[in-house]
2 protein chains.
Amino acid sequence: HGEFSSISPAEFFYRNRQMAGFGNPSQAVYSTVRELVENSIDACEEARRQPDVRVSIDEERSGIVRVTVSDNGTGVPYGEVPNAFARVLYGDKFTARQRRGTFGLGVTMAALYGQITTDSPVIVVTQTSHTIGRYYQLLIDIENNQPVILSDESHEREGPGTEVTIRLKGDLNRSRERVYDYLQLTTVASPHAHVELAINGSSIMKMGWWHQILPAPTTASKPHPHGADLELLRRLVADAGERSLHSFLVESFQRMGTRTATRFLKFLAINPRQAVNTLGRGDISRLSSALRSFDGLGRPDGKCLSPIGKNAFLASIESVFAPSALTYGSRGPTEWSGNAFIVESVAAIGTGARAADVPTLYRFANRVPLLYDSGEDALTKMLKRVNWVQYGVRSTTPVSIFLHLCSTRIPFKAAGKQSIASLPEIEHEVLSLLRELGRSLKKTLKRGERSVRDAQK
Amino acid sequence: HGEFSSISPAEFFYRNRQMAGFGNPSQAVYSTVRELVENSIDACEEARRQPDVRVSIDEERSGIVRVTVSDNGTGVPYGEVPNAFARVLYGDKFTARQRRGTFGLGVTMAALYGQITTDSPVIVVTQTSHTIGRYYQLLIDIENNQPVILSDESHEREGPGTEVTIRLKGDLNRSRERVYDYLQLTTVASPHAHVELAINGSSIMKMGWWHQILPAPTTASKPHPHGADLELLRRLVADAGERSLHSFLVESFQRMGTRTATRFLKFLAINPRQAVNTLGRGDISRLSSALRSFDGLGRPDGKCLSPIGKNAFLASIESVFAPSALTYGSRGPTEWSGNAFIVESVAAIGTGARAADVPTLYRFANRVPLLYDSGEDALTKMLKRVNWVQYGVRSTTPVSIFLHLCSTRIPFKAAGKQSIASLPEIEHEVLSLLRELGRSLKKTLKRGERSVRDAQK
Ligand SMILES: Nc1ncnc2c1ncn2[C@@H]1O[C@H](COP(=O)(O)OP(=O)(O)OP(=O)(O)O)[C@@H](O)[C@H]1O
Ligand SMILES: Nc1ncnc2c1ncn2[C@@H]1O[C@H](COP(=O)(O)OP(=O)(O)OP(=O)(O)O)[C@@H](O)[C@H]1O
Ligand SMILES: [Mg+2]
Ligand SMILES: [Mg+2]
């Protein structure tokens, strides 16, 4: 037998960085930009300010790229900067509400890739509303998954927000087009945000603020009964102490009112007044199965979600793509394994996309554009399952579908957050929504053909 | 700002279990079988015994499945069992030689999924050549990524080897066909192995031992210069003490002989006699870039690899598929980012596969069949890039391609180990090999058509 050992999560992602989007020098530039920009927009929404995010990419010499992203967000509390930026699986987005970030991994991955390819520390300048600015240079101790602080000093900054600089071995030429598309589509899914891109000192784009209203803030929801796997339930029970089972259910879960809880426990033949800490393992097991298969609960609480919404989504697509016709649809909130989600979509005609028998698909998850790995993605699969020809989509009509899935947890296929796993609840809603849009498109396309024929007479 | 915290790697994979192949009850059964079987075959090869692996799957009641896999491998040393089976990122396969396992994650993931869906501990009975048998029941403390030992007692067993039982919520009907295919193809890629499958007490298959010769054992290679990223180099330098730079290079890297090292350092204008621990960061940085772009090195050392080989691969495919014609090819060893790899392939005519313009592809990585997520896989992409029609492949000729990539590190796209990332070095070798096989096929197909025509006269 070999020698047994463990590896840190930083070591795991160092060895398998292609799983996190850092497998080649072109995708590495893209992934660096997207991880930083996502963090910036999350932070600006948290600060309740319209995001003003500036990206500069400089090719220092062939194959060495410097990426800097600055924002007007909350800033990062000083004590937290080293762990936030130089430790894997550390962050403040582990709660049950929709954010772009989710793993506590993204920016540390980008810093790690920069460090192992160019020996550069990640540079962070940040300021919160209670502090003056501070400047950090950080390396990652990969074997132990902890930060190494090279610099930590005060630094002037014009106001709250953060600026992050990463220097990496990257292929700018191969990645610049996709970076541009990502930033443009970022404003489409976050119409309240503004993004600038400069490459080698030249301004490439300044766009956004298509819609002035900030999305309503999200608040974490209580767990949904369908998410009550044994680990979740065990933790809730451990915190419940001597509380009665009935009040435990009502307090711990959403959609579990007093009468529903009474009915549920009667059906399970468990005494509702029994103290939770006296439940045996068998009871907890039965409780978990029963909660997970409990039908007839209301729709999940949507206050943890932040859909783009009809007005904002139509406004941003009109501003960016100038289509000749648009239609919006949305479904939910519903849930997959207890995770609340909404799917919303805009079908647009005449956006300059290539006309084909299948519409061009733009995918979004928690307002983040997904530009890689569409092949095995659940959204792509559902698009292909629709018989678009029957709705009048032909290779003469350039139709684009902008499809946004938002959830308290996005079931990504890999840590690079580019592709959505096939889960029946999500696929069902996406497919139904696409068909709704298809029917709506059909009317518009028929009207359009009629008016073209009328014009030709 | 929210509350900052870290999550354990077990917590990460609990929340994101679809990334590791445990996203739905059908794939969960498949993933449980494959994670256990891979471990068993790795262990039998380590023990230098022909693997005799027995899989039983029992549906206890609707939707609850019990999977047991037993082997005649090395067994697991007692002190290591709790961490090996109930701790994520822990194992003995982190060295630089080809194994099926690689992350120290697989079996713990299966145990975790079983635990959260059925409250069952993983059951392990194991015996090594120095010990009597021992029986364990383990749970995973997910928040802290550590084992919880429910039972640990001596237990009779007929000899060295291991038996693992996992009870999980699973969809047996949806998964059984793919489990069967996986086991059958496992014997194709490991012709020295024998596999049995029983479902609900009935024997479903007993097959293997198509080739009696065990593969030669693999031994870890020294790092290759092209793998000298800054983290690897920093660690090697840290261990090198006061050794001279010249001897450091010769000792630490494969393909770095005394004259090559001298020439390399002269070109870099660094004193070969300089003590390694006096190198500055700038020198180490330059050394890393120079090593990674150093051309003209020999092929990497192949003793860390275990290709199936022509005789064994042809024998297993003939035994399982009874094709009318077969041709074998292989390329390498070469390397991607310093990781040695070989690609080998058999093209078979008339295997019962559906005839089409593109051959049916069977993918293997480190002798493990890959049955999911073919869409974005590098091997699939290269198959589609070949113009098979020019080689005579038509929808009248059922052609199958069995394609095996083996490497000291497989660049999987996700922790579920089903799909290979697009890396240029690997794609280049795969595409070249497929075209070689195409040319070989063309001759065979022409001959076949001629003989059919002759027979018809
Ligand atoms: N620009 C920023 N402004 C404010 N806070 C930030 C910024 N960038 C990073 N952070 C903080 O650092 C933490 C770690 O960031 P990181 O990108 O690694 O993880 P995440 O965003 O939580 O999840 P994910 O891995 O999905 O991106 C965040 O949770 C956030 O608290
Ligand atoms: N049947 C077995 N016989 C002997 N050792 C085993 C067996 N199953 C597991 N092990 C030991 O337990 C360790 C952990 O197994 P696990 O499947 O989690 O990781 P791995 O096989 O190293 O990598 P991977 O995550 O890619 O499967 C292995 O490295 C091996 O040492
Ligand atoms: Mg992030
Ligand atoms: Mg394993």
Side-chain angles (χ1 to χ4, degrees), chain A residues 1-9 11-12 14-16 18-19 23-24 46 74-77 80 83-84 87 89-95 103-105 115-119 128 142-143 229-232 235 281 284-285 288 373-376 409 411-416 419 421-424, chain B residues 1-9 11-12 14-16 18-19 23-24 46 74-77 80 83-84 87 89-95 103-105 115-119 128 142-143 229-232 235 281 284-285 288 373-376 409 411-416 419 421-424:
Chain A
H1 239 287
E3 203 185 292
F4 282 83
S5 62
S6 66
I7 58 170
S8 77
E11 181 74 19
F12 175 81
Y14 160 56
R15 292 177 178 227
N16 301 291
Q18 76 286 346
M19 288 189 196
N24 65 65
E46 208 64 11
T74 53
V76 188
E80 299 293 355
N83 284 328
R87 188 175 156 173
L89 305 185
Y90 191 91
D92 73 341
K93 299 175 197 169
F94 295 123
T95 54
F103 302 139
L105 170 68
Q115 175 177 322
I116 66 173
T117 56
T118 67
D119 209 25
T128 69
I142 295 175
E143 281 169 308
D229 63 53
L230 279 144
E231 180 64 16
L232 180 83
R235 292 176 191 183
R281 277 187 82 101
I284 295 183
S285 199
S288 167
D373 294 336
S374 60
E376 291 283 341
R409 185 170 304 165
F412 287 114
K413 289 175 77 72
S419 174
S422 293
L423 293 174
Chain B
H1 239 287
E3 204 185 293
F4 282 83
S5 61
S6 67
I7 59 171
S8 77
E11 181 75 18
F12 174 82
Y14 160 56
R15 292 178 179 225
N16 300 292
Q18 76 286 345
M19 288 186 194
N24 65 66
E46 208 64 11
T74 53
V76 188
E80 299 294 354
N83 283 329
R87 188 175 155 173
L89 304 185
Y90 191 91
D92 73 341
K93 300 175 196 170
F94 296 123
T95 54
F103 304 139
L105 170 67
Q115 175 177 321
I116 65 173
T117 56
T118 67
D119 209 25
T128 70
I142 295 175
E143 282 170 306
D229 64 52
L230 280 145
E231 180 63 17
L232 180 83
R235 291 176 191 184
R281 277 186 82 101
I284 294 183
S285 200
S288 168
D373 294 338
S374 60
E376 290 283 342
R409 185 170 303 166
F412 287 114
K413 290 174 77 70
S419 174
S422 294
L423 292 173

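In what follows, chains are A, B, ... by sequence order, proteins preceding strands, each numbered from 1.
Counting all heavy atoms, side chain and backbone alike, A/Leu230 lies closest to B/Thr117 at CD1-C, 3.8 Å. A/Ala414 and B/Lys413 get closest at one heavy-atom pair: CB-O, 3.3 Å. When all heavy atoms of B/Ala421 and A/Gln18 are compared, the pair lying nearest together is CB-CG, 3.9 Å.
If you tally non-hydrogen atom pairs under 4.5 Å between each of A/Pro9, A/Gly104, A/Gly91 and chain B, the highest count goes to A/Gly91. Annotation: maximal heavy-atom pairing with chain A below 4.5 Å, among B/Glu80, B/Arg87, B/Glu46, B/Glu3, occurs at B/Glu80. In terms of heavy-atom pairs under 4.5 Å with chain A, the best-connected choice from B/Thr74, B/Asn16, B/Asn24, B/Ile116 is B/Ile116. Of the residues considered (B/Leu89, B/Ile142, B/Asn83, B/Val76), B/Leu89 shows the highest number of contacts with chain A, using heavy-atom pairs under 4.5 Å. Of the residues considered (A/Leu105, A/Asp373, A/Ile284), A/Asp373 shows the highest number of contacts with chain B, using heavy-atom pairs under 4.5 Å. Chain B forms more heavy-atom pairs under 4.5 Å with one residue of A/Ala84, A/Pro77, A/Ser285 than with any other, namely A/Pro77.
For the side-chain hydrogen bond (donor to acceptor under 3.5 Å, both in side chains) test, residues two or more places apart in sequence or in another chain that qualify with B/Ser288 are B/Arg292. The ring-ring contact (aromatic ring centres under 6.0 Å, His included) search around A/Phe412 returns none, not counting sequence neighbours.
B/Thr128 does not touch chain A: none of its heavy atoms, backbone or side chain, sits under 4.5 Å away. For a residue to count as touching a neighbouring chain, one of its non-hydrogen atoms must lie under 4.5 Å from one of that chain's; by this rule B/Leu232 touches chain A with backbone and side chain alike. Neither the backbone nor the side chain of B/Ser419 comes within less than 4.5 Å of any heavy atom in chain A. Heavy atoms closer than 4.5 Å to chain A are found in the side chain of B/Leu423, but not in its backbone. Heavy-atom distances place no part of A/Thr95 under 4.5 Å from chain B, backbone and side chain included. The parts of A/Glu231 that come within reach of chain B are both its backbone and its side chain, each placing non-hydrogen atoms under 4.5 angstrom from that chain.
The CD atom of B/Glu143 sits 3.5 Å away from the CZ atom of A/Arg235 when rounded to the nearest 0.5 Å.
Using a 4.5 Å cut-off on side-chain heavy atoms (C-beta onward), A/Arg281 and B/Asp119 make contact. When side chains are defined from C-beta on, A/Asp229 counts as touching B/Tyr14, because their heavy atoms get closer than 4.5 Å. Side-chain contact check for B/Phe94 versus A/Ser5: some heavy-atom pair is nearer than 4.5 Å. Looking at heavy atoms from C-beta onward, A/Ile7 lies out of side-chain contact with B/Tyr90 at the 4.5 angstrom threshold. Here the side chains of B/Arg409 and A/Arg15 are in contact, with some heavy-atom distance below 4.5 Å.
A donor-acceptor contact shorter than 3.5 Å is absent between the side chain of A/Asp92 and the backbone of B/Phe4. A/Glu376 contributes a side-chain N or O that, together with a main-chain N or O of B/Gly375, makes up a donor-acceptor pair within less than 3.5 Å.
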